[in-house]
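A short write-up of the structure that comes next.
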Amino acid sequence: NTYLSLFFKFNETLTFSNVFFYQMAMNRFLDRRYLNNSMVFFNINKNLRFTVRLTFFYDNEPPPNVKPLDLELV
């Protein structure tokens, strides 16, 4: 696995976080997967936070009956 992680605090109210994973099969170079988790945090006050998360998964050679792409927004 290889991954890249980013965390950026714009100000006291807004924060961005991102983790990107890359995985490839050692015996098949073209067989690879990607996973990305992105989050944005909005601090409403000291005790309340609004969070948006986007998850993206892609497998270029998925197992039978499995979709190659999956997106989730929470």
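Heavy-atom basis, side chains included; hydrogens, waters and symmetry copies ignored.
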Mind listing the closest non-hydrogen atom pair of Arg32 and Asp59 along with its distance?
-> O-OD1, 3.6 Å

Going hydrophobic residue to hydrophobic residue with side-chain gaps under 4.5 angstrom, can you get from Val74 over to Val52?
-> no

What pairs of residues pass the side-chain hydrogen bond (donor to acceptor under 3.5 Å, both in side chains) test when at least one of them lies in residues 65-74, not counting sequence neighbours?
-> none

Is any side-chain heavy atom of Leu54 less than 4.5 Å from a side-chain heavy atom of Asn36?
-> no

What distance separates Phe56 CZ from Phe21 CZ, expressed to the nearest 0.5 Å?
-> 14.0 Å

What's the spacing between Met39 CE and Thr51 OG1 if we round to 0.5 Å?
-> 7.5 Å

Determine, using the 4.5 Å side-chain heavy-atom cutoff (strictly less than), whether Val40 and Leu48 are members of one ILVMFWY cluster.
-> yes

Ile44 side chain reached by Phe50 side chain, heavy atoms, under 4.5 Å | yes

Close side-chain approach of Asn60 to Asp31, heavy-atom, < 4.5 Å = yes

Point-to-point distance, once rounded to the nearest 0.5 Å, from CG of Asn37 to CG of Leu35 | 5.0 Å

Check against side-chain contact (heavy atoms from CB on, under 4.5 Å), Phe7 and Asn18 = CA-CA 6 Å; Phe7 184 85; Asn18 187 41; over 6 Å; no

Quick one: sort the Tyr58 and Tyr34 rings into parallel, tilted or perpendicular, breaks at 30° and 60°.
-> parallel

So does Arg33 pair up with Glu61, basic N to acidic O under 4.0 Å?
-> no

Applying side-chain contact (heavy atoms from CB on, under 4.5 Å), run through Val19 and Leu4 and close with a yes or a no.
-> CA-CA 6 Å; Val19 180; Leu4 174 66; over 6 Å; no

Inter-residue atom distance Gln23.CD - Tyr3.OH, 0.5 Å rounding | 14.5 Å

Is the Phe8-Phe10 ring centre distance short of 6.0 angstrom?
-> yes

Hey, quick one: are Phe16 and Phe41 part of the same hydrophobic cluster, counting side-chain heavy atoms closer than 4.5 Å, chains of contacts allowed?
-> no

Hphob cluster co-occupancy, Leu69 + Tyr22, side-chain heavy atoms under 4.5 angstrom = yes

Once you round to the nearest 0.5 Å, how far does OG1 of Thr13 lie from CZ of Phe42?
-> 10.0 Å

Does the Asn43 side chain pair with the main chain of Asn45, one donor and one acceptor, at a distance under 3.5 Å?
-> no

